[in-house]
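The block underneath contains the structure these notes are about, expressed in structure tokens.
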Amino acid sequence: MSESTDPAVSAGPAEEIAAGYAFTGPALDLGALLWDGRCLPDRQIRIPLSMLNRHGLVAGATGTGKTKTLQLIAEQLSAHGVPVFLADIKGDVSGISAPGAANEKIAERAQDVAQEWEATGFPSEFYSLGGIGPGIPVRSTVTSFGPVLMSKVLQLNQTQEQSLGLIFHYADTKGLELIDLKDLRAVVAFLVSDQGRPELKGIGGLSTVTAGVILRALTAFEQQGASEFFGEPEFDTSEFLRTAADGRGLVSVLELPAVQDKPQLFSTFLMWLLADLFNDLPEVGDLEQPKLVFFFDEAHLLFKGASKAFLDSITQTVRLIRSKGIGVFFVTQTPKDVPADVLAQLGNRVQHALRAFTPDDAKALKATVRTFPNSPYDLEELLTGLGTGEAVITVLSEKGAPTPVAATRLRAPQSLMGPIEATALDQAVKSSPLYSRYAEPVDRESAYEKISAEQAAAEAEAEAAAAAAEAEKQAKAAEKEAARAARSAPKPDRSPVEQVVGSGLFRSLARSVGTQLGREISRSIFGTARRRR
């Protein structure tokens with residue numbers, strides 16, 4: 001281990017790199033500088049707290065320590081009073097709520113990087129998507145989710161996405177609330193019925209083929225258990241902005257192991273959470289510290305197969321949400337997993353080791369190196385030789401300029417590096433004040449119920465009209481039979497009432513009422529039959 005008095009170190013590139021991280025304001029301590037194969041504990045690599053809303057990227061091959069890096073950053077943010085959101089895909093982040101366990105490896109790492117390690121747990125809340133798995137249920141209404149995100153999760157093409165947009169527009173203008181998936185299904189089915197088709201005629205219409213694709217996609221989506229994620233009570237994303245009673249930021253952990261086989265669903269749902277925060281929060285400009293830092297794990301799944309409209313929405317959200325005090329860190333394997341327009345918005349970079357076993361790996365390695373500023377390191381060699389818990393780092397200085405590229409041995413998290421016991425997790429969930437607010441689903445009247453009620457009313461009207469028509473028909477038949485009998489019988493003097501009933505005026509009025517009733521019957525029955533088909 002090199003000492004700070006080493007003249008070669010103090011006068012060389014290592015000193016210049018370390019000088020780039022000598023911030024005066026509050027900062028998070030990431031680790032110690034690595035140079036020429038040595039760890040320099042007095043050359044600390046840090047990130048200014050005020051720059052956490054400039055977004056970031058944590059990348060690296062599987063097993064290189066990305067999750068522990070998230071845990072390390074989240075702990076320090078919480079300690080500074082900044083709330084954090086983490087997606088726990090593998091189920092190993094829940095340990096942030098419990099003190100870590102000391103061991104020889106942690107002691108050795110702490111000595112290497114000059115860390116005063118102390119086992120510490122951090123205030124945490126645990127959530128789940130729609131109540132699948134342990135956690136406070138996080139739900140969204142279909143209306144709130146919107147057509148662009150819904151198209152992404154249903155894997156619709158551009159034409160189908162545009163049609164879904166029309167469906168949402170119709171529901172919005174007609175006051176048909178899309179709470180859950182059966183509401184959306186009911187509106188789609190109605191708009192391709194003979195009765196509903198004219199509703200969209202003026203704005204392009206909805207083809208039966210496209211409606212069929214959407215309905216089949218909804219069916220497949222529901223079979224994956226997705227109906228659990230849509231409904232009420234809808235989660236208020238401002239819950240993520242809370243702090244604990246001791247002033248530390250609350251760490252919100254979204255438990256996803258139960259749905260990790262549905263990656264497109266949870267990645268799109270994470271985007272809804274972020275978009276909802278963006279829509280609700282006011283502009284605040286640059287703050288001394290962010291209001292929330294949002295870690296977006298398995299980010300490559302979000303961009304895979306995404307439409308242009310979807311990518312444009314992500315880019316705009318990432319670009320503008322900074323001014324609302326929200327920092328976003330995308331977590332993935334290589335920078336090339338993130339579109340260039342989004343990558344350009346990520347000012348803070350933590351790049352763990354990459355592998356170069358195949359030609360594609362080598363290509364990805366070269367592409368990653370090109371995304372870093374010039375440095376005295378041979379980055380291709382360095383990135384393939386980093387150990388677990390080591391990374392190449394560049395962040396934004398307090399003035400917003402990129403810091404020098406620094407190979408870093410990262411600090412060890414102070415909380416438990418692994419999951420907590422299932423019983424402890426369940427107890428934490430049920431003891432939360434949010435549990436009673438969101439645990440039980442609510443199914444109130446919405447589009448499905450309204451359309452079903454209208455259909456039932458139309459069917460009842462048709463049945464009543466049919467019965468009246470049949471009664472009128474039988475009455476006419478009886479009248480004709482009575483008339484024939486009257487003609488063949490002797491004709492006594494008629495009473496005044498009989499004279500009125502038998503008059504031409506009365507018969508004309510009866511025919512008029514019967515004809516009008518016949519039109520109503522044919523229209524109602526035709527409409528009901530169309531709906532049944």
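This chain uses plain numbering: 1 for the first residue, then up along the sequence.
- Under a 3.5 Å cut-off, the side chain of Thr394 and the backbone N or O of Thr403 do form a donor-acceptor pair.
- The minimum heavy-atom distance linking Ile17 with Pro376 is given by the pair CD1-CG, 4.1 Å.
- Checking Thr315 against Asp341 by side-chain atom types alone, no donor-acceptor pair falls below 3.5 Å.
- Judged by distance alone, the side chains of Arg349 and Thr371 do bring a donor and an acceptor atom under 3.5 Å apart.
- Counting heavy atoms from C-beta outward, Thr120 and Pro99 have side chains that stay 4.5 Å or more apart.
- Under 4.0 Å is where a charged nitrogen must lie from a carboxylate oxygen, and between Asp246 and Arg248 at least one such pair does.
- Using a 3.5 Å distance cut-off with no hydrogens or angles, the side chains of Ser415 and Glu75 do pair a donor with an acceptor.
- In this structure, Asp236 contributes its side chain and Glu239 its backbone to no donor-acceptor pair below 3.5 Å.
- Looking at heavy atoms from C-beta onward, Leu410 lies out of side-chain contact with Lys68 at the 4.5 angstrom threshold.
- Of the charged side-chain nitrogens involved, at least one lies within less than 4.0 Å of a carboxylate oxygen, so that Glu15 and Arg43 count as a salt-bridged pair.
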(request) Would you please test Asp286 and Arg54 for salt bridge (charged side-chain N to carboxylate O under 4.0 Å, His left out) and show each step? (result) CA-CA 9 Å; Asp286 290 325; Arg54 302 299 180 92; 3.3 Å; yes

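- Outside the 6.0 Å centre-distance limit, the rings of Phe329 and Phe296 are not counted as a close aromatic pair.
- Defined by atom type and a distance below 3.5 Å, a donor-acceptor pair is present between the side-chain atoms of Gln333 and Thr62.
- For the atom pair CG (Leu320) and CD1 (Ile326), the distance works out to 13.0 Å, reported to the nearest 0.5 Å.
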(request) Could you walk me through whether Phe235 and Tyr127 pass the ring pair (Phe, Tyr, Trp, His ring centres under 6.0 Å) test, one step at a time? (result) CA-CA 10 Å; Phe235 187 76; Tyr127 300 94; 5.2 Å; yes

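- With 3.5 Å as the limit, one finds no donor-acceptor pair spanning the side chains of Thr358 and Asp360.
- Heavy atoms only, all atoms of each residue included: Gln160 and Val213 are closest at NE2-CG1, 3.5 Å.
- The shortest side-chain heavy-atom distance between Leu265 and Phe229 falls under the 4.5 Å cut-off.
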(request) Go through the steps for Phe145 and Phe230 under the test ring pair (Phe, Tyr, Trp, His ring centres under 6.0 Å), then give the verdict. (result) CA-CA 9 Å; Phe145 206 69; Phe230 295 96; 5.1 Å; yes

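- Checked for salt-bridge contact, Arg139 and Glu232 miss the test: no charged N lies under 4.0 Å from a carboxylate O.
- Between the side chains of Glu222 and Ser227, not a single donor N or O lies within less than 3.5 Å of an accepting N or O.
- A donor and an acceptor atom, one from each side chain of Glu234 and Ser144, are located under 3.5 Å apart.
- A donor atom on one side chain and an acceptor atom on the other are found under 3.5 Å apart for Glu125 and Ser432.
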